[in-house]
Amino acid sequence: MLLNGTWNFSFNGEPEIPMEVPGCFDASGKYRFMRGTGIFRTTVQGGGLMELSCDGAGLRTSFFWDGKLIGTEVTAFAPVKLVFEAGNEGAHELKVVCDNTIDESCHSEFRRFYDFYGFGGIYRDIFLRKLPAVHFRKAEILPDPDRGQILLRLELSSDVPVVPEIDGTVLEKLPCGGVYCLPVPDPQLWSPESPVMHTLSLDCGFEKIKRRFGLRKIEAADGKLFLNGKRLKLVGVNRHDVWPETGSAIPYEQLKKDLEMIKKAGFNMIRGSHYPQSQKMLNLADELGILVWDEILGWENPVESLTDPEFRRRELSALERMIHASFNHPSIIFWGFLNEAATDQEPAREIFGSLAALARKLDPSRLVTYATMHGKNDRCLDLVDVVSFNTYPGWYGGTHTFFREDLVRTELEGLFAHVRSVPELSGKPVIISEIGAAAMIGDHSGRRWSEEYQKQMVECAVRLALTHPDCSGILIWQFCNTPVDDNLRIMTRPRGYNNKGLVDEYRRPKQAWNLFPGLLEELSVSAAEK
Ligand code: ADA
């Protein structure tokens with residue numbers, strides 16, 4: 001039962017007004033940019049054992065069934081799943097309380113200094129499911145494209161036999177929960193060029209479920225990335241899941257347009273910066289053939305947070321829940337965590353090591369990475385599979401006015417050479433996970449902040465990264481302009497936006513956007529000629 005629709009809403013105890021769900025109460029209208037407690041309320045039919053799931057809300061959320069607390073979520077954007085006893089069959093009240101005040105304690109996962117706005121509300125789809133006497137708990141699929149088969153991790157509430165079916169072909173009955181190897185009748189590879197999806201149906205007699213999957217393999221070897229055995233160079237954008245009037249509750253039509261634009265421009269990857277992506281986004285990426293880096297919430301978290309037991313507990317829990325919720329999407333190739341944290345400090349190694357170990361334990365089929373801003377001073381890069389550098393040469397710092405290619409070249413070549421020279425890192429693929437420059441639409445002065453400057457920066461970085469033998473890819477910061485908390489950043493974030501989008505907040509292209517797909521076509525032609 002999808003519960004999206006018009007709910008009753010009350011902010012800080014004021015009289016109720018109608019509000020759309022999914023929706024952010026502080027994105028537009030009466031409560032724009034206000035902080036406090038928003039209560040969403042609706043009436044639903046239900047009873048017996050039920051499961052409430054929400055694909056993401058914020059900043060901290062509590063769920064009440066007939067006034068009784070059934071669960072609390074402290075991590076914004078994290079997928080929520082609550083199993084509870086719903087009482088007698090009939091009408092019940094569901095209340096979702098979203099607190100968007102900023103918790104400044106060091107275990108908090110959303111702090112005021114973050115370079116993106118922390119909205120309040122139910123960001124994504126919310127579902128209610130009646131649980132049958134026997135129901136599925138887990139159906140995770142590990143693809144094995146070399147053998148044309150899958151490994152299924154199956155978990156049920158009680159052990160009963162299950163009938164699997166792949167793309168309409170009924171397979172041998174499975175006796176109970178467990179790990180099974182299933183042949184795919186007509187196996188087709190999934191790739192960005194040919195995103196073929198298969199469907200697994202499972203029937204336990206009490207419930208039938210369907211899971212889509214793709215057959216693909218991602219590997220890192222000899223400092224390179226390989227997809228289905230072929231060398232892979234990533235070229236993509238960082239993307240915040242946001243729209244000016246609706247905040248983090250981006251309308252589906254807009255989400256779809258974003259991904260179609262990105263695909264059409266020739267990019268093959270999106271980094272879901274800086275929180276787990278919605279199921280709708282991942283479904284579109286699967287279908288369109290866009291690779292995804294999915295990561296848990298975090299932004300420049302200091303050592304005090306990284307060593308705080310509660311922060312650590314929250315991050316590990318968020319990582320585990322993100323991986324379980326999005327396991328079957330072939331588009332995801334990297335699990336990531338903690339963007340630009342204090343990984344230049346030795347004490348960061350403990351939480352980074354634990355997060356990497358957990359991701360690998362839960363999912364041996366994907367690679368693990370995090371984006372560092374510490375370049376050669378980073379102390380945790382040996383813990384992950386892919387070395388990902390965020391760097392802003394020629395943007396932050398310096399007194400130059402016009403674009404200087406030498407700054408970008410020196411920085412990128414220095415980073416690649418560093419990785420090759422450090423024995424623990426030299427075998428790992430390296431990517432530039434963020435690089436860019438801000439541009440104000442209509443500024444054609446050619447100076448910093450102009451469209452021309454941004455275009456020169458992006459073109460230079462993409463050319464350097466994609467032609468360098470030691471580089472496995474580049475992700476531009478960022479797809480579109482994104483809102484920030486302007487109380488804090490008003491002097492560096494004009495109009496309350498991080499303006500480094502290749503398109504503006506309404507997706508109006510800047511000059512840099514128009515480099516694509518031409519630049520990528522030219523580069524792959526010249527690579528093929530070599
Ligand atoms: C960092 C960070 C981004 C954004 C960017 C910028 O690299 O990861 O979220 O803040 O800098 O625009 O400065």
Side-chain angles (χ1 to χ4, degrees), residues 76-77 109-119 236-242 247-248 269-277 293-302 305-306 334 336-344 348 352 369-378 380-381 384 386-398 407-408 411-412 415 430-440 448-449 453-454 457-458 461 465 473-505 510 512:
F77 297 97
E109 289 165 292
F110 204 103
R111 306 277 295 276
R112 189 172 290 279
F113 60 76
Y114 284 22
D115 193 9
F116 52 103
Y117 196 89
F119 288 98
V237 286
N238 286 269
R239 178 181 172 278
H240 269 294
D241 200 31
V242 70
S248 295
M269 187 180 221
I270 294 176
R271 173 171 175 232
S273 48
H274 299 296
Y275 34 78
Q277 298 302 288
W293 162 337
D294 208 8
E295 70 185 20
I296 49 170
L297 181 61
W299 197 89
E300 292 194 12
N301 302 96
S305 295
L306 303 180
F334 295 168
F337 32 80
L338 289 173
N339 174 65
E340 294 193 342
T343 43
D344 57 335
F352 275 73
T369 192
Y370 67 89
T372 176
M373 62 169 171
H374 299 292
K376 299 172 190 172
N377 298 323
D378 196 285
C380 300
L381 291 170
V384 291
V386 179
V387 173
S388 304
F389 290 118
N390 289 358
T391 180
Y392 288 84
W395 179 253
Y396 291 122
L407 295 176
V408 181
E411 169 72 3
L412 298 196
L415 290 173
V430 187
I431 66 169
I432 300 298
S433 39
E434 286 187 27
I435 193 164
M440 309 305 285
R448 274 201 249 193
W449 295 95
Y453 189 100
Q454 182 193 38
M457 164 73 77
V458 168
I474 180 163
L475 307 172
I476 300 158
W477 184 267
Q478 61 176 338
F479 168 59
C480 64
N481 292 348
T482 50
V484 298
D485 192 327
D486 59 358
N487 294 332
L488 184 72
R489 294 182 181 270
I490 193 72
M491 302 310 286
T492 54
R493 297 288 181 265
R495 311 177 304 118
Y497 277 91
N498 180 315
N499 292 287
K500 297 187 190 73
L502 296 176
V503 300
D504 81 350
E505 58 274 24
K510 303 180 192 172

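Values below: every heavy atom of this structure, side chains too, minus hydrogens, waters and symmetry copies. In listed order, ligands and their atoms are each counted from 1.
- The closest approach between Trp395 and ligand 1 stays at or above 4.0 Å for every heavy atom of the residue.
- Atoms of ligand 1 lying under 4.0 Å from at least one heavy atom of Glu340, given by number and element, are 1 (C), 2 (C), 7 (O), 8 (O).
- Here Arg271 has no heavy atoms under 4.0 Å from ligand 1, in either its backbone or its side chain.
- Annotation for ligand 1: atoms under 4.0 Å from non-hydrogen atoms of Arg493 are 6 (C), 12 (O), 13 (O).
- For atom 7 (O) of ligand 1, the closest non-hydrogen atom of the protein is Glu434 OE1, 2.3 Å.
- The closest side-chain donor-acceptor pair between Glu340 and Asn390 falls under 3.5 angstrom.
- Side-chain contact of Tyr114 with His274: a donor-acceptor pair under 3.5 Å is absent, judged by distance alone.
- The side-chain heavy atoms of Phe337 and Ile296, taken from C-beta on, include a pair separated by under 4.5 Å.
- At the shortest separation from atom 5 (C) of ligand 1 among protein heavy atoms lies Tyr392 OH, 3.4 Å.
- To the nearest 0.5 Å, atom OH of residue Tyr392 and atom CE of residue Met457 are 10.0 Å apart.
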Mind running ring pair (Phe, Tyr, Trp, His ring centres under 6.0 Å) on Trp477 and Trp395 for me, showing each step along the way? CA-CA 12 Å; Trp477 184 267; Trp395 179 253; over 10 Å; no

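- Within ligand 1, the atoms closer than 4.0 Å to a non-hydrogen atom of Asn339 are 2 (C), 8 (O), numbered from 1 in the order shown.
- Near His274, meaning under 4.0 Å from any of its heavy atoms, are these atoms of ligand 1: 3 (C), 8 (O), 9 (O).
- Interface atoms of ligand 1 facing Tyr396, defined by a heavy-atom separation under 4.0 Å, are 6 (C), 12 (O), 13 (O).
- In terms of polar-atom proximity, defined here as any N/O pair under 3.5 Å, Glu300 makes no such contact with ligand 1.
- In Gln478, neither the side chain nor the backbone holds a heavy atom less than 4.0 Å from any atom of ligand 1.
- Here Trp299 has side-chain heavy atoms under 4.0 Å from ligand 1, and that is the only part of it that gets that close.
- Between Tyr275 and Phe77, the ring-plane angle classifies as parallel under the 30° and 60° cut-offs.
- Put simply, OG on Ser305 and CG on Leu338 are 9.5 Å apart, with the number rounded to the nearest 0.5 Å.
- For the 3.5 Å distance criterion, the side chains of Asn481 and Lys510 qualify, holding a donor opposite an acceptor.
- Residue-to-ligand polar distances keep His240 apart from ligand 1: every N/O pair is separated by 3.5 Å or more.
- In the model, Asn498 has no side-chain atom that pairs as donor or acceptor with a side-chain atom of Thr482 under 3.5 Å.
- A salt bridge is defined here as a Lys NZ or Arg NE, NH1 or NH2 lying under 4.0 Å from an Asp or Glu carboxylate O, and Asp241 with Arg239 meets this definition.
- Of all protein heavy atoms, the one closest to atom 4 (C) of ligand 1 is Asp115 OD2, 3.4 Å.
- Of all atoms in ligand 1, listed by their number and element, those nearer than 4.0 Å to a heavy atom of Asn498 are 4 (C), 6 (C), 12 (O).
- The closest approach between any non-hydrogen atom of Lys500 and ligand 1 is below 4.0 Å.
- Short contacts between ligand 1 and Asn390, defined as distances under 4.0 Å to a heavy atom of the residue, involve ligand atoms 7 (O), 8 (O).
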